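Structure first, then comments.
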Amino acid sequence: MTKRELTRGQALTVMRIEVLGPLRIEIDHSEAGLSGAKIRDILAVLALRAGEDVGRDELIEELDLASTTRDSINAVHAHMRRIRRWLQRHGMPADLVETVDSGYRLNLDRECVDAHRFSDLVQQGLGLAPAAPSVVAAILEEALSLWRADALTDTRQGPLIASAAEELHQWRTTARGALLDAWLALGQDNKVILSAPRFIADDPLNEALHVRQLTALRRLGRYAEAVRAYHNAERMLRQELRVEPGAELRTAHTVARRKISSGIMHEWVELARLA
């Protein structure tokens, strides 16, 4: 993995920033605490756009400085000085955060930020689907393992962070669906059954997740559980969206019910034969 590695005497300083959960900064494999809500928000924004310019005005809007300070430009400069001093105290060069035309740039490799590693892995996995399900599953499992909680849960969620977090959650939803498809293609229905409830808890109105859950339950002969899962999905869709389940979900439910009915009929026939 490519990292930002900087010579400090004979040692190497490695910095990573994690945003797939509360903001977490790691330097030389140890967590480095950063206090101050605004400077944490700034560093999160810079990390989300690592290697790219972030406009000073964008940061002013993100932190709502125009309405909370008399001089928003000086306030941004002051926050940047604090970040640079913090970097230097932890053995990092101050110019890791570089001033550019009307803005700033975090000179950190994308691979050092978990959000970028995640999105790169997901795109790699989706690019191989559905032809190589075992490879796709391995890639997407690695990608999803980077998540510790919902993205950036401890930030103010200004417009930049809110937009980035929403996009990351959408990528997570896509990755989860593709992972379930890969497991189904591999016949790993137990993995689907174990993971689908957790995925559904985060995204209960996603019908595609319910369909995959019912498919795995049905394939393992757990028809009664499939019917119960369908009714749970149906209730949530009616309560939250006031809509009925879609055709694919209804079909999965119908197949499960028919299997139950045919099983009951078979038992009756056997009992009649033995009577």
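Note that this is a predicted model, so its numbers are computed, not measured. All values below were derived from every heavy atom in this structure, side-chain atoms included, with hydrogens, water molecules and symmetry-related copies excluded. The first residue of the sequence shown is numbered 1, and numbering continues consecutively from there.
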Per the side-chain contact (heavy atoms from CB on, under 4.5 Å) rule, which among V100, L106, D101 passes with D53? V100
Distance in Å, Q213 CD paired with L249 CG, rounded so as to fall on 0.5 Å steps: 9.5 Å
Check ion pair D120-R110 (N to O, under 4.0 angstrom): yes
Any sub-3.5 Å donor-acceptor pair from Q170's side-chain atoms to E167's backbone N or O? no
Hey, any chance L194 and L214 share a hydrophobic cluster, counting ILVMFWY side chains that come within less than 4.5 Å of each other, even indirectly? no
So do the side chains of R156 and I161 get within less than 4.5 Å of each other, counting heavy atoms only? no
How far apart are the closest heavy atoms of L140 and A175, and which atoms are they? CD1-O, 3.7 Å
Ignoring hydrogens and geometry beyond distance, is a side-chain donor-acceptor pair present between R56 and T99 at under 3.5 Å? no
Can M80 and V97 be said to form a side-chain contact (heavy atoms from CB on, under 4.5 Å), step by step? CA-CA 8 Å; M80 287 301 176; V97 175; 4.0 Å; yes
Looking only at heavy atoms, which two atoms of I60 and A66 are closest? And how far apart? CG2-N, 4.0 Å
Please check if the side chain of D114 supplies one atom and the backbone of V19 the other of a donor-acceptor pair under 3.5 Å. yes
Which heavy atom in A256 sits nearest to a heavy atom in R218, and how many Å separate them? N-CD, 4.2 Å
Within one Ile-Leu-Val-Met-Phe-Trp-Tyr cluster: L59 and I17, side-chain cutoff 4.5 Å: yes
Applied to residues 169-191, the salt bridge (charged side-chain N to carboxylate O under 4.0 Å, His left out) test, sequence neighbours excluded, yields E141-K191, D150-R172, R176-D202, D181-R212, D189-R219
What's the shortest heavy-atom distance between D95 and N107, and which atoms? O-ND2, 3.3 Å
Test side-chain contact (heavy atoms from CB on, under 4.5 Å) applied to R49 and L160, step by step: CA-CA 10 Å; R49 287 166 56 177; L160 294 177; 4.0 Å; yes
Spacing of R105 atom CZ and L96 atom CG [to the nearest 0.5 Å]: 11.0 Å
Could you tell me whether R250 and E248 have a side-chain N and a carboxylate O separated by less than 4.0 Å? no
Nearest 0.5 Å, what's the CG-CG distance between L126 and L179? 10.5 Å
Here the ring-ring contact (aromatic ring centres under 6.0 Å, His included) pairs for residues 152-184, sequence neighbours left out, are W147-H169
Is there side-chain contact between I25 and H90, with at least one heavy-atom pair below 4.5 Å? no
When hydrophobic residues are tied together by side-chain contacts of less than 4.5 Å, even through go-betweens, does V135 share a cluster with L121? yes
Can you confirm whether D71 is buried at CG, in the sense that more than 12 heavy atoms of other residues, nucleotides or ligands lie under 6.0 Å from that atom? yes
Is I83 linked to I73 within one hydrophobic cluster, defined over Ile, Leu, Val, Met, Phe, Trp and Tyr using a side-chain heavy-atom separation of less than 4.5 Å? yes
Spacing of CD1 belonging to I42 relative to OH belonging to Y104, to within rounding of 0.5 Å: 8.0 Å
Is there a donor-acceptor pair closer than 3.5 Å between any side-chain N or O of S163 and the backbone N or O of P159? no
Check: E111 main-chain N/O paired with D109 side-chain donor or acceptor under 3.5 Å: no
Counting only N and O atoms by type, is there a donor-acceptor contact under 3.5 Å from the side chain of S195 to the main-chain atoms of V192? no
When you compare the side chain of L34 with that of W86, does any pair of heavy atoms fall below 4.5 Å? yes
Counting neighbours of CD on E61 that are heavy atoms of other residues, nucleotides or ligands and sit closer than 6.0 Å, is the number greater than 12? no
CG on L209 to CG on D203, rounded to 0.5 Å: 5.5 Å
Atom pair CZ (R238) and CE (M236), whose distance is rounded to the nearest 0.5 Å: 12.5 Å
Do L144 and F118 pass the side-chain contact (heavy atoms from CB on, under 4.5 Å) test, and can you show the C-alpha distance, the side-chain angles, and the key distance before you say yes or no? CA-CA 7 Å; L144 289 167; F118 168 73; 4.1 Å; yes
Side-chain contact, heavy-atom cut-off 4.5 Å: L63 with H79? yes
Given side chains that start at C-beta, do those of I193 and R222 come closer than 4.5 Å, heavy atoms only? yes
Stepwise side-chain contact (heavy atoms from CB on, under 4.5 Å) test for D57 and S102: CA-CA 8 Å; D57 291 343; S102 300; over 6 Å; no
Using a 3.5 Å distance criterion without hydrogens, assess whether the side chain of H116 forms a donor-acceptor pair with backbone atoms of L48. yes
Using a strict 4.0 Å threshold on nitrogen-to-oxygen distance, state whether D154 and R40 make a salt bridge. yes
Check: L46 and E52 side chains under 4.5 Å, non-hydrogen atoms: no
Is there a path from L184 to L217 through hydrophobic residues (I, L, V, M, F, W, Y) whose side chains come within less than 4.5 Å of each other? no
Does anything in residues 208-236 form a ring-ring contact (aromatic ring centres under 6.0 Å, His included)? List the pairs, not counting sequence neighbours. Y230-H253, H231-H253
Taking E31 for the side chain and E26 for the main chain, is one N or O donor matched with an acceptor at less than 3.5 Å? no
For a 4.5 angstrom cut-off between non-hydrogen side-chain atoms, does V227 reach R257? yes
Distance-minimising heavy-atom pair for A182 and P133: CB-O, 3.6 Å
Residue pair A94 / L87: nearest heavy atoms and the distance that separates them: O-CD1, 4.4 Å
Charged N to carboxylate O below 4.0 Å: is that the case for E18 and R148? yes
Do Q88 and P93 have side chains that get closer than 4.5 Å, going by heavy atoms? no
